[in-house]
2 protein chains.
Amino acid sequence: MKLSVKVDYACRVLVQLARMDGREGLAHIEELARIEAVPATYLVQILGELRNGGLITSRRGKQGGYALARPPAAISLLDIVTLIEGDVLDLGGAAEGASGKRVAQAWREVRAVLAAKCAEVTLEKLAAKAGGEMYYI
Amino acid sequence: MKLSVKVDYACRVLVQLARMDGREGLAHIEELARIEAVPATYLVQILGELRNGGLITSRRGKQGGYALARPPAAISLLDIVTLIEGDVLDLGGAAEGASGKRVAQAWREVRAVLAAKCAEVTLEKLAAKAGGEMYYI
DNA sequence: ATCGACTTTGACAGAGAGTTTCACAAGGCG
DNA sequence: CGCCTTGTGAAACTCTCTGTCAAAGTCGAT
């Protein structure tokens with residue numbers, strides 16, 4: 001049960017997009033990547049997934065760039081994790097064997113709680129200025 | 001965020017131990033492994049970790065075997081996961097970079113909720129007979 | 001002592017994560 | 001049109017870790 005670096009990167013860049021609340025070009029993203037100590041080429045790939053998943057939009061050519069597809073209040077950690085990892089808690093083939101069904105049921109309950117909590121945390125809350133130094137480029 | 005097979009195996013074997021509530025020999029464990037479709041040699045290794053972590057006790061020689069170290073009500077999913085994986089939700093180095101602190105704080109809250117829920121689910125509840133076919137050897 | 005039963009260690013294949021590279025596609029502008 | 005900027009997509013590579021197996025080791029009861 002480990003939070004992947006990928007999800008972490010995705011969250012961070014989305015928070016930045018939420019704060020900017022405008023269209024941000026690749027050049028800007030790359031600068032951001034340097035500041036956040038994230039490999040830029042990887043970040044760009046993640047951006048692609050976020051776009052395919054409908055969380056952000058992009059435009060090519062001059063004046064191109066990325067922007068949130070919805071208001072920050074309408075994007076939660078749950079959206080991000082399920083998009084990037086497929087599920088907040090992947091049970092694998094946990095329902096096999098003698099006590100498998102019972103144990104799997106317990107994990108399903110845990111997953112429900114986890115998903116509910118993740119759905120509560122929106123980009124709006126994450127991007128709120130209050131408390132914690134934010135980096136302005 | 002994936003539940004590892006190892007944790008799943010550990011949960012299942014612990015549920016079985018909770019149900020038996022006596023000392024179970026390796027021979028029995030291996031039969032159990034066959035029934036649960038778990039590689040016996042791996043299961044034995046996991047048993048070793050559970051023992052080192054203090055969740056079960058073992059005895060060698062004739063009349064040897066494994067037993068829970070505490071009453072089933074005093075062992076929860078939280079105990080099992082933290083013992084096997086180190087943490088219910090490993091944040092990695094998520095606190096770096098510009099928005100890192102903020103995002104990490106959010107995940108810490110999520111982790112707290114997750115841990116609380118896992119702590120609620122005890123072996124006693126999992127081993128309860130009510131509802132769901134249990135496998136008796 | 002010795003046999004039965006648990007313990008430890010090491011090796012290994014495969015999968016997946018994180019990263020890099022490179023060639024391609026598309027919008028703007030002269 | 002043709003070029004330049006900016007984003008897209010896919011492949012390949014390294015590294016770590018998980019799940020698995022096997023074999024030699026150690027302890028305890030009788």
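This structure is a prediction, so every number in the text was calculated from the model and none was measured. Residue numbering restarts at 1 for every chain, and letters A, B, ... go by the order of the sequence lines.
Judged by distance alone, with hydrogens and angles left aside, Arg60(B) brings no side-chain donor or acceptor close enough to the base of dA29(D) to form a pair under 3.5 Å.
The interatomic distance linking Asp90(A) (CG) with dT18(D) (C1') rounds to 14 Å, in whole Å. At whole-Å resolution of the value, CD in Glu85(B) and C1' in dT18(D) are 11 Å apart. Here dC6(C) presents its P atom at 16 Å from CG of Asn52(B), a figure rounded to the nearest Å. Distance Met1(A) CE to dC17(D) P: 19 Å, rounded to the nearest Å. The separation between Arg34(A) atom CZ and dT19(C) atom C1' is 18 Å, rounded to whole Å. Between Arg59(A) atom CZ and dT6(D) atom P there is a gap of 14 Å when expressed in whole angstrom units. Per the geometry, NE2 belonging to His28(B) stands 18 Å off C1' belonging to dG4(C), to the nearest Å. Rounded to whole Å, atom C1' of dC4(D) lies 14 Å from atom CD of Gln63(A).
Looking at heavy atoms from C-beta onward, Trp107(A) lies in side-chain contact with Cys11(B) at the 4.5 angstrom threshold. Side-chain contact check for Asp79(B) versus Arg70(B): some heavy-atom pair is nearer than 4.5 Å. Val121(B) has its side chain within reach of Leu126(B): a pair of non-hydrogen atoms, C-beta onward, lies under 4.5 Å apart. Annotation: side chain of Val110(B) is in contact with side chain of Cys118(A) (closest heavy-atom distance under 4.5 Å).
Under the 3.5 Å distance criterion, the side-chain polar atoms of Glu124(B) are left unmatched by any main-chain donor or acceptor of Pro72(B). Using modelled atom types, one side-chain atom of Lys125(B) and one backbone atom of Glu120(B) make a donor-acceptor pair closer than 3.5 Å.
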Exercise. Under the salt bridge (charged side-chain N to carboxylate O under 4.0 Å, His left out) rule, what do Asp87(B) and Arg111(B) come out as? Steps first, then yes or no, please.
Key: CA-CA 9 Å; Asp87(B) 197 346; Arg111(B) 175 170 58 185; 3.0 Å; yes

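For the segment residues 39-51 of chain B, the set of residues with a heavy atom within less than 4.0 Å of an atom of DNA chain D comprises Pro39(B), Thr41(B), Tyr42(B), Gln45(B), in numerical order.
Taking only side-chain nitrogens and oxygens, Tyr66(B) comes nearer than 4.0 Å to OP1 or OP2 of dT7(C). Residue Tyr9(A) places at least one side-chain N or O closer than 4.0 Å to OP1 or OP2 of dT19(C).
Summary of the strand contacts: Gly25(B) and Gly61(A) both lie near DNA chain C, and taking for each the nucleotide with the nearest heavy atom, the more 5' one is attributed to Gly25(B). Where Lys62(B) and Lys2(A) meet DNA chain D, the nucleotide closest to each residue was compared, and Lys2(A) sits on the side nearer the 5' end.
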